[in-house]
Amino acid sequence: MLDPSQPAAAAQQHQTTPDLADRWFEQQLGITPEVLRQVMAEALARGGTYADLYFEYSTRQSVVLEEGIVKSSSVALIAGMGVRVLQGDQTGYAYSETLELPAMLQAARSASAIARHGGVPAHEAAQFSRLVPPNYYPITQTTNDVSLSEKIRLLQAAEQAALETDDRVIRVTVATVESLTHNLVATSTGRLVADTRPMVRFNVHCVAEEEGNLQSGSSGTGGRRMAQTLLDPGLPQRLGREAAQDALLLLQAVQAPSGSFPVILGPAQSGILLHEAIGHPLEADFNRKGSSAYSGRIGEKVASDLCTIFDSGVIEHDRGAINFDDEGALSRENLLIEKGILRQYMHDYISAQHYELEPSGNGRRESYAHPPLPRMTTTYLAPGSSEPEEIFASVRKGVYCESFSGGQVDISNGDFVFVPTVAWLVEDGRKTVPLKNFTLIGNGPDALSKVTLVGNDFAFSDGIWTCGKDGQSVPVGVGLPTILISEMTVGGM
């Protein structure tokens with residue numbers, strides 16, 4: 001049986017050192033090389049051209065403070081494993097919610113059912129070769145080292161800072177969510193790789209009121225940092241003030257004008273537009289099926305010469321960082337678009353086989369209960385040479401977007417809609433009044449072709465984004481310098 005007290009102690013002992021992570025599975029959970037061979041042999045017993053096993057053991061904690069009261073505090077333990085078997089173009093996937101051998105063997109038999117009428121049964125299980133990945137998120141303290149009373153004190157400090165900003169702030173909600181996840185991947189090609197992934201998120205949400213006008217503002221930070229994020233001096237106060245100031249700003253905001261205008265995207269958080277409008281259409285499963293606006297366009301010009309775009313899982317402590325993906329491929333930085341030329345897509349194992357390439361480290365899944373898909377890690381546009389002041393000075397009348405609540409894109413044609421949360425009218429090269437209640441409407445390839453200035457003030461987001469695709473959510477990062485898109489449609493809500 002699993003002992004819920006073990007993960008915290010073990011994590012503190014090895015402090016997310018990848019070269020000991022697979023030993024943790026063996027010592028704490030009994031997932032020995034022999035167990036792996038038995039499950040893998042069962043997965044391939046009916047044929048199959050490839051199989052992989054994905055193990056997960058995660059502890060998750062959350063605390064929510066609302067209107068001065070601890071609304072909830074929870075600790076969850078999640079454990080299980082998934083088995084995937086490939087046979088030609090078919091995929092069989094099954095999972096077990098326990099890490100007991102009989103249940104894992106049953107999952108392997110279920111996943112292998114697709115290979116029953118094809119393939120050659122495996123005569124011998126793989127001999128696994130242990131791979132030690134680089135570590136992009138070393139930690140010295142887990143959040144288990146921070147007491148519940150201390151976490152509550154930090155939440156209260158953020159709440160107090162928000163309320164003290166202005167009497168018009170009437171409601172504050174503060175939350176922290178943390179997880180420590182042990183992962184192990186074994187493949188029929190003999191790869192064995194393990195990791196311990198930390199994650200923390202600290203959020204503040206405020207509501208401000210003036211003469212019946214209610215507006216909200218949010219601020220947050222996070223990443224693969226754990227305790228050092230929570231204990232950063234002054235962090236709760238800063239987040240509380242920022243959330244309050246955003247809500248207060250919107251009390252003064254006016255309705256945005258409608259029509260086509262130059263649009264300036266601010267650094268860091270505005271990168272979510274890049275993620276949705278360009279990132280998703282460059283995921284290889286859409287392109288393999290011919291359903292993306294970028295299908296079959298490798299080597300073609302798809303953006304302005306000023307656009308060089310990367311997806312990277314190797315940015316230290318970033319929310320999108322992974323030492324290896326959920327298929328066991330080592331993480332790396334992938335050049336997607338180089339000076340406007342499309343260079344590659346983001347691949348998982350299946351799409352890489354289709355294109356006869358190596359996986360790009362983008363095979364990701366929400367949990368052991370989900371099969372992997374091509375997914376982004378941290379997607380960003382490289383900095384340019386323009387000063388932000390130069391970019392603003394070039395605009396007679398336009399819109400500046402500082403942050404967004406999210407958006408959506410039609411993969412097949414690249415059309416997108418985004419909702420800015422903090423934005424300004426720009427007149428004669430300067431911000432004048434804040435704007436509210438509007439959307440940005442455009443097309444990914446078209447917007448990229450209209451990037452006319454790229455700033456030198458590049459920044460990554462603060463670690464707040466979660467990406468949804470096919471019913472699965474994974475943490476991601478974004479990055480952007482200030483950029484100018486010469487024309488985009490601004491619409492009312």
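As the structure is a prediction and not an experimental result, all values here were calculated from the model.
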Subject >> Least distance between heavy atoms, D457 atom then P267 atom >> reply: O-CB, 3.6 Å
**OP:** May I ask you to say whether E150 pairs ionically with R153, meaning some side-chain N is under 4.0 Å from a carboxylate O?
**Re:** yes
Original post:
So do Y95 and V83 actually touch side chain to side chain, heavy atoms under 4.5 Å?
Top reply: no
Original post:
With a 3.5 Å cut-off and no angle check, do the side chains of S351 and H354 form a donor-acceptor pair?
Top reply: no
Original post:
Which is it for R23 and E26 under the salt bridge (charged side-chain N to carboxylate O under 4.0 Å, His left out) test, yes or no, and what are the steps along the way?
Top reply: CA-CA 5 Å; R23 302 288 191 254; E26 183 172 348; 5.0 Å; no
Original post:
With a 3.5 Å cut-off and no angle check, do the side chains of H205 and S218 form a donor-acceptor pair?
Top reply: yes
Original post:
Are N362 and R364 close enough that a side-chain donor and a side-chain acceptor fall under 3.5 Å?
Top reply: no
Subject >> Side-chain heavy atoms of T173 within contact of V204, under 4.5 Å >> reply: no
Subject >> For Q61 against V75, the heavy-atom pair lying closest together >> reply: CG-CG2, 4.0 Å
**OP:** Examine the side chains of R60 and S58 and answer whether a donor and an acceptor come within less than 3.5 Å of each other.
**Re:** yes
Original post:
For S62, what residues pass the side-chain hydrogen bond (donor to acceptor under 3.5 Å, both in side chains) criterion, not counting sequence neighbours?
Top reply: S74
Subject >> Test item: side-chain donor near acceptor, T466 and R319, under 3.5 Å >> reply: yes
Subject >> Nearest-0.5 Å distance that lies between atom CG in D410 and atom CG in D415 >> reply: 6.0 Å
**OP:** May I ask you to decide if E283's main-chain N or O and N287's side chain share a donor-acceptor pair within less than 3.5 Å?
**Re:** yes
**OP:** Ignoring hydrogens and angles, tell me if any N or O in the side chain of S461 forms a donor-acceptor pair with the backbone of Q269 under 3.5 Å.
**Re:** no
Original post:
Picking from V39, L99, N183, L29, what satisfies side chain to side chain contact (heavy atoms under 4.5 Å, CB included) with F55?
Top reply: L99
Subject >> Note: R197-D326 ion pair, threshold 4.0 Å (strictly below) >> reply: yes
Original post:
Do T421 and S403 have side-chain atoms, one donor and one acceptor, less than 3.5 Å apart?
Top reply: yes
Original post:
For V451, does its backbone N or O pair with a side-chain atom of S304 as donor and acceptor, under 3.5 Å?
Top reply: yes
Original post:
Taking atom types as modelled and ignoring hydrogens, do the side chains of D311 and N334 form a donor-acceptor contact shorter than 3.5 angstrom?
Top reply: no
**OP:** Would you please say whether a donor-acceptor pair under 3.5 Å links the side chains of R365 and Y93?
**Re:** yes
Original post:
At what distance, to the nearest 0.5 angstrom, does CE of M376 lie from NE2 of H280?
Top reply: 3.5 Å
Original post:
Are side-chain heavy atoms of I483 and L453 found at a separation under 4.5 Å?
Top reply: no
Original post:
Ignoring hydrogens and geometry, is there a side-chain-to-backbone donor-acceptor pair from S312 to T378 under 3.5 Å?
Top reply: no
Original post:
Are K151 and E178 close enough for a salt bridge, meaning some N to O gap below 4.0 Å?
Top reply: yes
Original post:
Is the shortest side-chain N to carboxylate O distance from D285 to R375 below 4.0 Å?
Top reply: no
Original post:
Between CZ of F324 and OG of S331, what distance do you get to the nearest 0.5 Å?
Top reply: 10.5 Å
**OP:** Decide whether N323 and Y137 meet the rule of one side-chain donor and one side-chain acceptor closer than 3.5 Å.
**Re:** yes
Original post:
Heavy-atom distance under 4.5 Å between the side chains of F202 and L155, does that happen here?
Top reply: yes
Original post:
side chain to side chain contact (heavy atoms under 4.5 Å, CB included) between V302 and I341: does it pass, once the steps are laid out?
Top reply: CA-CA 6 Å; V302 297; I341 305 298; over 6 Å; no
Subject >> Euclidean distance, F404 CZ relative to I272 CD1, rounded to 0.5 Å >> reply: 9.5 Å
Subject >> All side-chain hydrogen bond (donor to acceptor under 3.5 Å, both in side chains) counterparts of D232, not counting sequence neighbours >> reply: none
Original post:
Hey, does D195 have a side-chain heavy atom less than 4.5 Å from the side chain of P133?
Top reply: no
Original post:
Between Y349 and Y50, how do the two ring planes meet: parallel, tilted or perpendicular, split at 30° and 60°?
Top reply: parallel
Subject >> Separation between OG of S96 and CG of L53, rounded to the nearest 0.5 Å >> reply: 11.5 Å
**OP:** Give a yes or no answer on whether the side chain of S219 reaches the backbone of A243 with a donor-acceptor pair at less than 3.5 Å.
**Re:** no
Subject >> Side-chain donor/acceptor of R225 to backbone N/O of G222, under 3.5 Å >> reply: yes
Original post:
Do R130 and F128 have side-chain heavy atoms sitting under 4.5 Å apart?
Top reply: no
Original post:
Charged N to carboxylate O under 4.0 angstrom, R84 versus D52?
Top reply: yes
Subject >> Close side-chain approach of L65 and K71, heavy atoms under 4.5 Å >> reply: no
**OP:** Please list, chain by chain and in numerical order, all residues satisfying side-chain hydrogen bond (donor to acceptor under 3.5 Å, both in side chains) with Y368, sequence neighbours excluded.
**Re:** none
Original post:
Counting distance only, does the side-chain N/O of E56 pair as donor-acceptor with the main-chain N or O of T181 below 3.5 Å?
Top reply: no
Original post:
Can any side-chain N or O of T308 pair as donor or acceptor with the backbone N or O of A382 at less than 3.5 Å?
Top reply: no
Original post:
At their closest point, which heavy atom of H275 faces which heavy atom of C467, and how far apart are they?
Top reply: NE2-SG, 3.3 Å
**OP:** Just do the side-chain hydrogen bond (donor to acceptor under 3.5 Å, both in side chains) check on N456 and S385 with the steps written out, would you?
**Re:** CA-CA 5 Å; N456 57 12; S385 58; over 6 Å; no
Subject >> Verdict with reasoning, V63 to I152, per side chain to side chain contact (heavy atoms under 4.5 Å, CB included) >> reply: CA-CA 8 Å; V63 185; I152 293 172; 4.3 Å; yes
Original post:
Using the ring of each side chain (for Trp, its six-membered ring), is W24 parallel, tilted or perpendicular to H182, with breaks at 30° and 60°?
Top reply: parallel
Original post:
What's the verdict on ring pair (Phe, Tyr, Trp, His ring centres under 6.0 Å) for F458 and Y380, showing C-alpha distance, side-chain angles and the deciding distance?
Top reply: CA-CA 9 Å; F458 176 88; Y380 68 94; 5.5 Å; yes
Subject >> Atom pair CD1/CG of I278 and L273 - distance to nearest 0.5 Å >> reply: 6.5 Å
**OP:** Just do the ring pair (Phe, Tyr, Trp, His ring centres under 6.0 Å) check on Y355 and H347 with the steps written out, would you?
**Re:** CA-CA 9 Å; Y355 285 98; H347 294 281; 5.3 Å; yes
**OP:** Write down the atom of K469, the atom of L373, and the distance for their closest heavy-atom approach.
**Re:** O-CD1, 4.3 Å
**OP:** Examine distances only and state if a side-chain atom of Q472 and a backbone atom of P371 form a donor-acceptor pair shorter than 3.5 Å.
**Re:** yes
**OP:** Identify the two heavy atoms, one from L381 and one from C307, that lie closest to each other, and give their separation to 0.1 Å.
**Re:** CD1-SG, 4.1 Å
**OP:** Begin from the C-alpha positions of Y345 and I298 and carry the test side chain to side chain contact (heavy atoms under 4.5 Å, CB included) through to its verdict.
**Re:** CA-CA 8 Å; Y345 305 128; I298 296 292; 3.7 Å; yes
Original post:
Side chains of F310 and T379: does their closest heavy-atom pair fall under 4.5 Å?
Top reply: no
Subject >> Atom of V409, atom of A277 and distance for their closest heavy-atom approach >> reply: CG2-CA, 4.2 Å
